[in-house]
Structure formats: C-alpha cells, structure tokens
Amino acid sequence: MVKVSVVIPVYNVEDFLRECLDTIVNQTLEDIEIICVNDGSTDSSLEILEEYAANDERITIIDQENGGHAVATNNGMKKATGEYLFLMDSDDILELNALEDTYKLACQKNVDFVLFKAINYDYEQDKYYEAENYSMNRLHHRVKDNIFSYDDIKDLVFTITVTPWSKLYNRKFIEDNNITFPEGLIFDDNVFFYKVLFSAKRIYFHPEFLFTRRWYSTSSTTKGDTRFIDSIDIFNLIIDVFKENNAFNEHMSTLYNKKIFLANMRYNKIKDEYKEQYFKAMKKDFQDTLIDTNRYPEFKQHLSYRNKKIFDQVLLSDTAEEFSLTRSVYSIINSNRWKYTRPLRKVGNTLHKVRNKI
C-alpha cells in the first residue's frame, strides 16, 4: 500500500496545470500515487497530463465526460489505494515537503485527518495575502499541540476553512464513514467538510503554511455564472448535515443568519445577466421556509435585523430589478443619506412600490 493517494480533478486549467503537477511529482515523500481525473477538458489539459504520465509511472489518468468537480473527485477517491488521501486542486500549489510532513504527523498522532494552513495568492495582482479562515490562528490558540474533535471546538466551527486541500485524510476513515462530495453542485466542499468534521474523533492541527490557493476571476467559485445558484441548495445540505449530527440546535442562529447573508452576498456577486434567475431560486427557497410552519417561527426569531429585512424584501419583490432597487433605497435610508443627494434613475410607480416595502 502506498503512503498517500493524491487525487487531482482537472478541467480546463492548461495555464496552471504544469505548476500544480510539478509540486506533486517533486514531493519529498516519493511513495505516493497520483490520480488525475480529466473532467472533459476542452483545452490542452489532457495532453499535459499524458506528458507527465509518460515520465512518471505513479500517475494514473482517468478521462471522463464533464461531470463537475464532485463527480471527478469522487471517481478519483474510488480509485485510491493509499493509506492516506490528499485532494489537490489543479490550479494551486503545494509545498514540496507537505505530504511528507503531514503523513508523518498523521501516523505519529494516529488521527483521522491533519489540518494545516494555506496562503492566498491573487494571480491577477501578483500578490500574496493571509486570511484568518485559511490561517486558523484562533483554532491554533485553542488546540495548541493537542488532538481534538468537534466537541472541543464547537464555538470555532465556522472559523475553519472547508477546503479539502488543507487536510490530509486517513482514507479508511473517509471510506468507513461513506463521505463523498454532493454531485452536480459547486461549493460542494462545504458539505464534504462538515461530514468529515462531525465524523472525526481525532484531528491534529499543523500550524504551517503548506498550500498556496490561487485566486483569479475566472475560477468556478468566483466567476459569477449560473452555478452560483448551487450555493442555495448547498447551504440547505449543510443544515441537513448539522441536523443529522445533532448539532443544529446549538448553531441554529448562526446557520439561519449565514443562509440569508450568503444568499444575498452571492446575489450581489453573480453577473447581471444571471441575477433574475438567481433571484427566482432565492425567492423560491425563502418561500419554502415561509410555508414551513414548523421552521418559520424559529427561523425569523433568530435572524438579525438586517437579515430579516433582506428576507422580507426578497419575498415582497417580484423581480431581481425590484429587489436591487429596494436594497438601494433601504441602504440610503439606513445610512441617513435619504435627501436625494444621490438621485435614483428609477422613479414613479416602481419607486413608490419599493418605498412601501422597506
């Protein structure tokens, strides 16, 4: 049995794939297998994989029709045979000592997974920057050099990065708990992470920066296309995971507020041509909550004032344009600047309707 199986889902990343593969094939831990899943790439990604495979017998290529990140990663995990499992993103960079260091720690500590730090790299501005959710300094301050589980860090559960590439997993632990990525959706790593966190009995935090996460505007989680709509279903799946693990009541307030906050945030970030489609999905989701007589009273009770307003404004708006205008008018009023110092182009009946809904 090899020590670590590295699974790399690949889709149209010809500009970054070589750098990614170089950081894997040159790991100081040599006893690894590298499973690359070409997810129907239409650029030269498959040719690059074949070039590397011809020079490194540790590389196996799975070539499949496009099914998305979750399908590709799940298929790669099924093929894995290693003692431990590392899930790599094909446009990012892993420190060359990462697998050796985390493998040794995983064996020494006998843990379900090792968690480590990552740094952000803004590719378009050529700038590195640290973020708390990837550095996890609060977590390190709490757990120090100790083995821990969810029960030890309940209040910090939302401060830990959900990304699969900041962790080295015991493969048997993943298989025994039947943990996979929900297929057909982006932001799928959120659901995977919470299933892992609740299932794990032994976790170790290694406070070293071993991964560089590359940010660029055309990546799947930042480009703002129709796939942003998936985030609505993803958050409902996250709530389901908390309920299944008897952790929902403890985190109810945070989960409900994050649901509204994230729905609104991604509405703001999605491209204008997709806003109406996103708005309809968001409104349908909010309506489902409204008509659920068992959930709605507690749901509304736990929302912050701001999130209550967003929830109500979504339900009362008929279109994305009306919702956006409602939010604009509300923002002006709320910031004490409602003196027509910023003239609105939308006037007449629409503005009158919106002002009545604020």
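No hydrogens, no waters, no symmetry mates; every other heavy atom, side chains included, goes into these values.
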Joint cluster assignment, [X] & [Y], ILVMFWY side-chain distance < 4.5 Å:
| X | Y | answer |
| --- | --- | --- |
| I186 | F181 | yes |
| V71 | I174 | no |
| F86 | L210 | yes |
| V114 | L96 | no |

If I take atom [atom1] from residue [X] and atom [atom2] from residue [Y], how far apart are they, to the nearest 0.5 angstrom?
| X | Y | atom1 | atom2 | result |
| --- | --- | --- | --- | --- |
| F261 | K258 | CZ | NZ | 7.5 Å |
| I61 | I35 | CD1 | CD1 | 12.0 Å |
| R58 | Q27 | CZ | CD | 9.0 Å |
| D288 | I232 | CG | CD1 | 10.5 Å |
| E273 | D225 | CD | CG | 9.5 Å |

State, yes or no, whether a side-chain contact exists between [X] and [Y] at a heavy-atom distance under 4.5 Å.
| X | Y | value |
| --- | --- | --- |
| V25 | I59 | yes |
| R327 | I310 | yes |
| I119 | T212 | yes |
| F187 | I238 | no |
| E95 | T23 | no |
| P164 | D189 | yes |
| E33 | T60 | no |
| F148 | F205 | yes |

Query raised in the report: So which pairs with a foot in residues 4-25 pass ring pair (Phe, Tyr, Trp, His ring centres under 6.0 Å), sequence neighbours left out?
Result: F16-Y123, F16-Y216
For the residue pair [X] and [Y], confirm or rule out a side-chain donor-acceptor distance under 3.5 Å.
| X | Y | answer |
| --- | --- | --- |
| N146 | Y204 | no |
| D22 | Y52 | yes |
| E130 | S135 | yes |
| K259 | N307 | no |
| K117 | N137 | yes |

Requested in this report: Compute the centroid of each ring, for Y256 and then for F242, and state whether the two points are separated by less than 6.0 Å.
Outcome: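 No, the ring of Y256 stays outside the 6.0 Å limit from the ring of F242, centre to centre.
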Report task. Decide if the gap between the ring center of Y128 and the ring center of F209 is smaller than 6.0 angstrom. Result -> no
Query - Partner of R142 under side chain to side chain donor-acceptor pair (under 3.5 Å), chosen from T159, D155, D152 - result: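 Option passing the side chain to side chain donor-acceptor pair (under 3.5 Å) with R142: D155.
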**Report entry** D112 bridged to K167 by N-O distance under 4.0 Å
**Finding:** no
Query - side chain to side chain donor-acceptor pair (under 3.5 Å) evaluation trace for D188 with H69 - result: CA-CA 8 Å; D188 48 72; H69 172 272; 3.0 Å; yes
**Report entry** Residues which pass side-chain contact (heavy atoms from CB on, under 4.5 Å) with D176, listed by chain and number, not counting sequence neighbours
**Finding:**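 Per chain and number, D176 pairs via side-chain contact (heavy atoms from CB on, under 4.5 Å) with K172.
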Do [X] side-chain atoms and [Y] backbone N/O form a donor-acceptor pair below 3.5 Å?
| X | Y | answer |
| --- | --- | --- |
| N133 | T161 | no |
| R266 | F228 | no |
| R138 | E132 | no |
| D31 | V2 | no |
| D43 | S45 | yes |
| N170 | F173 | yes |
| D122 | E124 | yes |

Query raised in the report: Is atom NZ of K104 surrounded by more than 12 heavy atoms (other residues, nucleotides or ligands) closer than 6.0 Å?
Result: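 No.
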Query raised in the report: How about K144: does its NZ atom have over 12 heavy atoms from other parts shown lying under 6.0 Å from it?
Result: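 More than 12 heavy atoms, drawn from other residues, nucleotides or ligands, come within 6.0 Å of this atom.
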Query raised in the report: Is K3 close enough and on-axis enough to Y84, meaning under 6.0 Å and within 45°, for cation-pi?
Result: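 Not flagged: K3 not positioned over aromatic ring of Y84.
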Requested in this report: State which residues pass ring pair (Phe, Tyr, Trp, His ring centres under 6.0 Å) with F193; sequence neighbours excluded, sorted by chain then number.
Outcome: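 If we apply the ring pair (Phe, Tyr, Trp, His ring centres under 6.0 Å) test to F193, skipping adjacent residues, there are no hits.
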**Report entry** Trace of the salt bridge (Lys or Arg N to Asp or Glu O under 4.0 Å) decision for E51 with R18
**Finding:** CA-CA 10 Å; E51 172 193 328; R18 292 180 186 279; 2.8 Å; yes
